[in-house]
Amino acid sequence: MKEYSGLQIIRHALAGNLGWRRAWRDPGVKREYDVVIIGGGGHGLATAYYLAKNHGIKRIAVLEKGYLGGGNVGRNTTIVRSNYMIDGNTQFYDWSMQLWEGLSQELNYNVMFSQRGQITLANTPDQVDSFARRLNIMKLNGIDCELWSRDQVRKAVPYLDYSDSARFPVHGAMYQGKAGTARHDAVAWGYARAADRLGVDLIQNCEVLGFLYEGGRVSGVNTSRGEIRAGRIGISVAGSSGLVAAMAGLKLPIESHVLQAFVTEPVKPLVDQVIACAHPHFYISQSDKGGLVIGGDLDGYNSYAQRGNFPVVAEVAQLACSLMPCISRLRLLRHWGGIMDMSMDGSPIISTTPISGLYLNAGWCYGGFKATPAAGWTFAHTIATGRPHELNEKFSLGRFRTGAMLNESGAGPNPNAH
Ligand code: FAD
C-alpha cells in the first residue's frame with residue numbers, strides 16, 4: 001500500500017483527507033471461511049494476523065458484534081509487564097514481552113510501546129518477602145527485575161506519602177525495567193491493518209448468535225448477518241466468554257466482573273514509570289497527553305454492564321490521594337468500565353474444547369492486554385495445528401477438571417483476593 005510523505009500529509013489535511021485510504025477494507029460477508037474468529041478485540045485480531053502470517057491460512061474472518069477495538073482492548077490502562085511467578089505464565093509473558101519489543105516494526109504501525117519501568121510497591125514487610133521469592137523465580141527464568149529498598153523507591157518517586165502516618169506505608173518495591181505501557185487502540189488498529197493486508201476479512205456489526213454442527217463437530221456460526229460456515233472457530237470475546245461458550249453448551253470456570261479505569265486532566269510530566277500496589281490494588285501511569293491513568297479493583301459482583309459507577313470512583317480516588325497526596329486537587333476527566341473474564345485460578349485458557357473444531361481463548365482477568373501478542377501467536381498455533389503450542393500447554397480448559405491449577409496468587413490477577 002502507498003505510504004505518504006510529509007508534504008503529502010499537509011496536502012491531504014488541507015483537502016479534508018479525502019484521498020486517504022481506509023486502514024482496512026470493509027468486506028462483504030462470505031458464506032464460508034477456513035477459520036472464523038469471534039471477537040474483534042486485540043486477541044481476536046492478533047490471532048487472525050498470526051494465522052495468516054505464521055500458518056499461511058488464507059480464508060479467515062474476524063466477526064465483531066460492534067466495532068473493532070470497542071471492547072477491553074480500547075478500555076484498559078495499557079500496562080505491559082512480564083513479572084509473573086508460576087511456571088507456564090512466566091515463559092508465556094516473557095515471550096509476549098519479546099513480541100512487544102518488535103511489534104511496531106512487525107506491524108509497520110507505531111503502537112507507542114514505552115518501556116518506562118514498573119515499580120510495584122510493597123506496603124507491608126511480608127510483601128517484601130514475597131517479592132523476593134517471586135524475583136528469584138523470575139531471575140531463574142532470565143526475566144529482568146530488581147528488589148528496591150524504601151530509600152531507592154523514595155529516590156525514584158519522592159512524591160508518595162512516606163510519613164509515619166501514611167495509610168499505605170512504603171517498605172520497598174519490585175522493579176521491572178522492561179515493563180511499561182503501549183497505546184491500546186493502536187494495538188487493535190495495527191493488528192487489524194496488518195491482518196487486512198494479509199487478506200483477513202474484518203467484519204464489524206456482526207454478532208454471533210449460535211453455532212452450527214455437522215457430523216459431531218462445529219461447522220459454522222449463526223450471526224446477525226446470516227449463517228457463516230467454517231471448519232474451525234475460535235472464541236476470543238473476553239468478558240462475553242461465558243455467554244458465547246454457553247451458546248455451544250459449554251459452562252466455563254469464568255465469572256464476568258466490571259473493572260473500571262480513570263483519567264485526570266493533563267498535567268506536566270510527574271509519573272515517569274508505572275506505579276502499582278497489590279494490596280490495596282491500585283496502579284497509575286501518565287499518558288503521553290499528560291493525563292494520569294488510574295486503575296483499582298474489580299466491582300465485587302458479577303455484571304455485564306460496560307460502565308463505571310460512583311462507589312468505585314470514591315474508593316479509587318481515596319487510594320490515589322492516600323498514596324500520592326500531591327494529586328488531591330487534580331480533576332478527574334473521565335471514567336469507564338470493561339467486562340473482565342475472571343478465571344478461577346487467575347491464569348488464562350488458550351485451548352481446544354470438548355467440541356471438535358471449537359477453540360477457546362479466555363480467562364484473562366486484569367491482564368490480557370500485555371498478553372495480546374503471545375495470546376494471538378499461541379491461539380493461532382492451537383487453531384492451525386489442533387494442538388497447543390508449548391507456551392500454552394498449561395492453559396488448557398481441562399485443568400479445571402483435573403485440578404492442575406495455575407494459581408497466580410499475588411503475581412497476577414487473583415480472583416481469590418476479593
Ligand atoms: P476485547 O477488546 O474485549 O475483545 C472482545 C470482543 O469480542 C469485543 O470487541 C466484543 O464486542 C466482541 N464480542 C463479544 N461477544 C460477541 C459476539 N457474540 N459476537 C461477536 N463479537 C463479540 N490488561 C493488561 O495487561 N494491562 C492493563 O493495564 C489492563 N488494564 C485494564 C483496565 C481495564 C479498565 C479493563 C477493562 C481491562 C484491563 N486489562 C488490562 C485487561 C485487558 O484489557 C483484557 O484482558 C484484554 O483486552 C482482553 O482481550 P481482547 O482485547 O481481545 O478483549
Side-chain angles (χ1 to χ4, degrees), residues 36-48 61-82 84 93 96-97 100 118 179-182 184-185 187-188 191-192 202-211 221-225 228 233-248 256-263 274 276 281 283-285 293-299 304 306-308 312 316 335-343 348 350 361-376 379 412-413:
V36 155
I37 303 295
I38 309 172
H43 288 217
L45 293 165
T47 304
V62 175
L63 309 181
E64 166 54 48
K65 75 172 176 185
Y67 60 94
L68 295 185
N72 291 346
V73 70
R75 294 166 183 269
N76 64 71
T77 43
T78 77
I79 301 170
V80 174
R81 60 184 169 89
S82 62
Y84 284 72
Y93 285 99
S96 209
M97 182 64 83
W100 276 110
Q118 173 165 324
T181 60
H184 49 8
D185 38 18
V187 174
Y191 271 118
L202 306 174
I203 301 170
Q204 305 183 73
N205 298 313
C206 183
E207 181 170 4
V208 169
L209 304 167
F211 291 90
V221 282
N222 191 7
T223 79
S224 54
R225 296 176 67 177
I228 301 173
I233 298 173
I235 302 175
S236 192
V237 294
S240 302
S241 298
L243 295 176
V244 174
M247 294 174 196
S256 291
H257 289 252
V258 175
L259 179 66
Q260 302 182 41
F262 313 84
V263 67
V274 176
H281 198 180
Y283 31 102
I284 185 165
S285 64
V293 180
I294 302 174
D297 220 335
L298 287 177
D299 287 13
Y304 290 103
Q306 212 168 220
R307 59 169 184 260
V312 176
V316 173
H335 70 117
W336 62 89
I339 310 164
M340 313 305 305
D341 37 333
M342 303 301 293
S343 68
I350 303 179
N361 168 5
W364 288 100
C365 305
Y366 299 79
F369 178 63
K370 66 182 74 63
T372 305
F379 196 37

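Atoms within each ligand, like the ligands themselves, are counted from 1 in listed order.
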Among all protein heavy atoms in this structure, tell me which lies nearest to [atom], with the distance rounded to 0.1 Å.
atom	result
atom 3 (O) of ligand 1	N72 N, 2.8 Å
atom 2 (O) of ligand 1	V73 N, 2.8 Å
atom 7 (O) of ligand 1	G39 CA, 3.3 Å
atom 13 (N) of ligand 1	V237 CG1, 3.7 Å
atom 8 (C) of ligand 1	E64 OE1, 3.4 Å
atom 52 (O) of ligand 1	H43 N, 3.1 Å
atom 48 (C) of ligand 1	A238 CB, 3.9 Å
atom 31 (C) of ligand 1	N76 CB, 3.1 Å

Would a 4.5 Å heavy-atom cut-off, applied to side chains only, mark [X] and [Y] as touching?
X	Y	answer
S343	C365	yes
V187	W100	yes
F369	T77	no
V316	I294	yes
Y366	D297	yes
I235	F379	no

Number the atoms of ligand 1 from 1 as they appear, then name those within less than 4.0 Å of a heavy atom of [X], with their elements.
X	answer
E207	18 (N), 19 (N)
G338	36 (C)
V244	18 (N)
A261	34 (C)
L63	20 (C), 21 (N)
K370	24 (C), 25 (O), 26 (N)
W364	45 (O)
Q260	34 (C)

Please check whether [X] reaches ligand 1 - meaning an N/O of the residue sits under 3.5 Å from an N/O of the ligand, judged on distance alone.
X	answer
T77	yes
R75	no
G368	yes
K65	yes
G66	no
G42	yes
F369	yes
D341	no
M247	no

| message | Using heavy atoms and a 4.0 Å limit, tell me yes or no: is G367 in contact with ligand 1? | response | yes
| field | ligand 1 contacted by S236 (non-hydrogen, < 4.0 Å) | value | yes
| query | Out of V208, L209, I294, whose heavy atom is nearest to atom 19 (N) of ligand 1? | reply | V208
| query | Considering A182, C206, G41, S240, which one's heavy-atom position lies nearest to atom 14 (C) of ligand 1? | reply | S240
For the residue pair [X] and [Y], what are the closest heavy atoms and their distance?
X	Y	result
A375	W364	CB-CZ2, 3.8 Å
M340	L259	CG-CB, 3.4 Å
G41	V73	CA-CG1, 4.0 Å
H43	S236	CB-OG, 3.3 Å
Y304	S256	CE2-OG, 3.4 Å
G44	V62	O-CG2, 4.1 Å

[X] and ligand 1 - part of the residue with a heavy-atom distance under 4.0 Å:
X	answer
T78	backbone
M340	side chain
Y366	backbone
I38	side chain

| Would W336 and Q306 satisfy side chain to side chain contact (heavy atoms under 4.5 Å, CB included), going step by step from the backbone distance to the final call? | CA-CA 8 Å; W336 62 89; Q306 212 168 220; over 6 Å; no
| message | Can you confirm whether more than 12 heavy atoms, excluding those of R225, are under 6.0 Å from its CZ atom? | response | yes
| query | Is it true that a side-chain atom of S224 and a backbone atom of E207 form a donor plus acceptor pair closer than 3.5 Å? | reply | yes
| task | Before giving the answer on side chain to side chain contact (heavy atoms under 4.5 Å, CB included), spell out for Y191 and T47 the whole-Å C-alpha distance, their side-chain angles and the decisive distance to 0.1 Å. | result | CA-CA 9 Å; Y191 271 118; T47 304; over 6 Å; no
| message | Apply side chain to side chain contact (heavy atoms under 4.5 Å, CB included) to residues L202 and L45 and explain how you reach the verdict. | response | CA-CA 8 Å; L202 306 174; L45 293 165; 3.7 Å; yes
| field | Euclidean distance, D185 CG relative to R75 CZ, rounded to 0.5 Å | value | 11.5 Å
| request: Show your reasoning for whether side chain to side chain contact (heavy atoms under 4.5 Å, CB included) applies to V293 and T78. | output: CA-CA 9 Å; V293 180; T78 77; 5.8 Å; no
